[in-house]
> 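This is the structure I want to talk about, given as C-alpha cells.
Keep in mind that the numbers below use all heavy atoms, side chains included, and drop hydrogens, waters and symmetry copies. Order of the sequence lines sets the chain letters (A, B, ...), proteins ahead of strands, with each chain counted from 1. All values derive from a computational prediction rather than experimental measurement.
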Protein chains: 2
Amino acid sequence: MPTEIISKEQKKMARYAKAMGHPIRLYVLELLSKQSCCYSGDLSEVLPIVKSTLSQHLKELKDAGLIQGEIEAPRIKYCLNKENWKEAQELFTRFFQQPIKITDCKTNI
Amino acid sequence: MPTEIISKEQKKMARYAKAMGHPIRLYVLELLSKQSCCYSGDLSEVLPIVKSTLSQHLKELKDAGLIQGEIEAPRIKYCLNKENWKEAQELFTRFFQQPIKITDCKTNI
DNA sequence: TCCTTTGTTCGTAATTTCACGAACTACGAA
DNA sequence: TTCGTAGTTCGTGAAATTACGAACAAAGGA
C-alpha cells in the first residue's frame with residue numbers, strides 16, 4: 001500500500017475550492033453566510049443567468065455539500081450546510097494561516 | 001451602467017478558488033507555503049502524474065497569479081507570488097470569518 | 001379540475017479541463 | 001560541438017463545465 005501523497009484533507013478542500021471557483025456560486029455562498037437563507041427565485045431576479053443555469057450552480061453547491069435545500073412549497077429554501085461549511089472554514093483558515101516562508105522570486109517567468 | 005451584481009472581489013476570489021480546485025495544485029500551494037520554494041523535478045518525483053501534466057498545473061497556478069517561477073538553470077524555481085497570495089489570504093479569511101447566521105434546514109433535498 | 005408558480009431535468013452546443021506521449025527548447029557539462 | 005538534463009509546448013482525446021431554451025413535475029389556488 002503506497003503512502004498517499006495527496007491527503008484526504010487536500011482532496012476535500014480541493015472539492016470545496018472547486019465549488020467556490022465560479023463567481024455566481026461564490027455570490028450565493030456569500031449571501032447565505034450573511035442572511036441565513038434564500039430562495040432560487042430571489043437569486044434568479046438579480047443574477048444575469050437563466051433559472052436553469054442557476055439551478056445547475058445550486059446543484060453543484062449541493063453536491064459539494066456546501067448548501068442544502070428544504071421544500072417550502074411552492075419554493076425551495078436554500079441555506080448553508082452547517083457541518084460542511086464549518087469544515088471548509090477550518091480547512092481554508094488553516095491553509096492560509098500557516099506561517100509562510102516566502103522567498104520572493106526576483107523574476108517572474 | 002447597471003450596478004454589477006458580482007463584485008470584482010468575488011471574481012478575483014473565484015479565480016483563486018478555481019486554481020485551488022484540484023488536489024495536485026493544492027498540494028503544490030501547501031508545499032510552497034511551508035518550504036518557500038521548490039522545483040518541478042522534485043514535485044514530479046512524488047506526484048502521480050507525468051511532467052507535462054504537472055507543467056500544465058503549474059501554468060494554471062501561474063496564470064491565476066498564485067505562484068511565480070524563476071530560472072535557475074537548468075531548473076526552474078517556483079515560489080508563491082507574495083502579493084497575490086496575501087490577497088487570496090485576505091479574501092478567503094474575510095469570506096470565512098464573517099459572523100454566520102445559519103438556519104439549519106431540517107430536510108436535505 | 002385546470003391554471004399558475006416554482007424550480008428541476010433534458011437536450012444541445014461551445015468551451016475548458018485533465019491527462020498522456022512526443023517533440024521541442026534552453027543551457028550547462030563533457 | 002555534441003550530449004544530457006529540465007522543463008515547456010504541441011497534438012490528441014475523453015470528460016467536465018457552462019450556458020441556453022424547452023419540456024416537465026409538484027403543489028397551491030381559482
> Considering non-hydrogen atoms only, spot the tightest contact between Leu43(B) and Cys38(B) and give its length.
CD1-SG, 3.8 Å
> Nearest whole angstrom, please: distance from the P of dA26(C) to the CD of Glu70(B).
19 Å
> Between Leu54(A) (CG) and dA19(D) (P), how many Å, whole number?
10 Å
> Roughly, in whole Å, what's the span from CG in Asp42(B) to C1' in dT5(D)?
14 Å
> Could you tell me whether Ser40(A) contacts a base, only the sugar-phosphate backbone, or nothing, with contacts defined as non-hydrogen atoms closer than 4.0 Å?
sugar-phosphate
> Tell me the interatomic distance from Lys59(B), atom NZ, to dT9(D), atom P, rounded to whole angstroms.
6 Å
> Rounding to a whole Å, what distance do you find between Leu58(B):CG and dG7(D):P?
9 Å
> At less than 4.0 Å, is any side-chain N or O atom of Tyr78(B) found next to OP1 or OP2 of dA6(D)? Yes or no.
no
> For Ile76(A) and dT9(C), what is the distance between atoms CD1 and C1' respectively, to the nearest whole Å?
12 Å
> Spell out, as yes or no, whether a donor-acceptor pair under 3.5 Å connects the side chain of Thr93(B) to the backbone of Gln89(B).
yes
> Give me the one residue out of Lys8(A), Arg15(A), Lys12(A), Lys82(A) that meets salt bridge (charged side-chain N to carboxylate O under 4.0 Å, His left out) with Glu87(A).
Lys12(A)
> Would you list the pairs meeting ring pair (Phe, Tyr, Trp, His ring centres under 6.0 Å) in which at least one residue belongs to residues 12-50 of chain A, sequence neighbours left out?
His22(A)-His57(A)
> Classify the ring geometry of Phe92(A) against Phe92(B): parallel below 30°, tilted from 30° to 60°, perpendicular beyond 60°.
parallel
> Return a single string for nucleotides 17-24 of chain C, one symbol per nucleotide in 5' to 3' order, where B is base contact, S is sugar-phosphate-only contact and - is none, cutoff 4.0 angstrom on heavy atoms.
SBBBBB--
> Please report the distance, rounded to the nearest Å, between CZ in Arg75(B) and C1' in dC27(C).
14 Å
> Looking only at non-hydrogen atoms, find the nearest pair between Ala88(A) and Leu66(A) and report the distance.
CB-CD2, 4.2 Å
> In this structure, how many angstroms lie between the P atom of dA26(D) and the NZ atom of Lys77(A), rounded?
22 Å
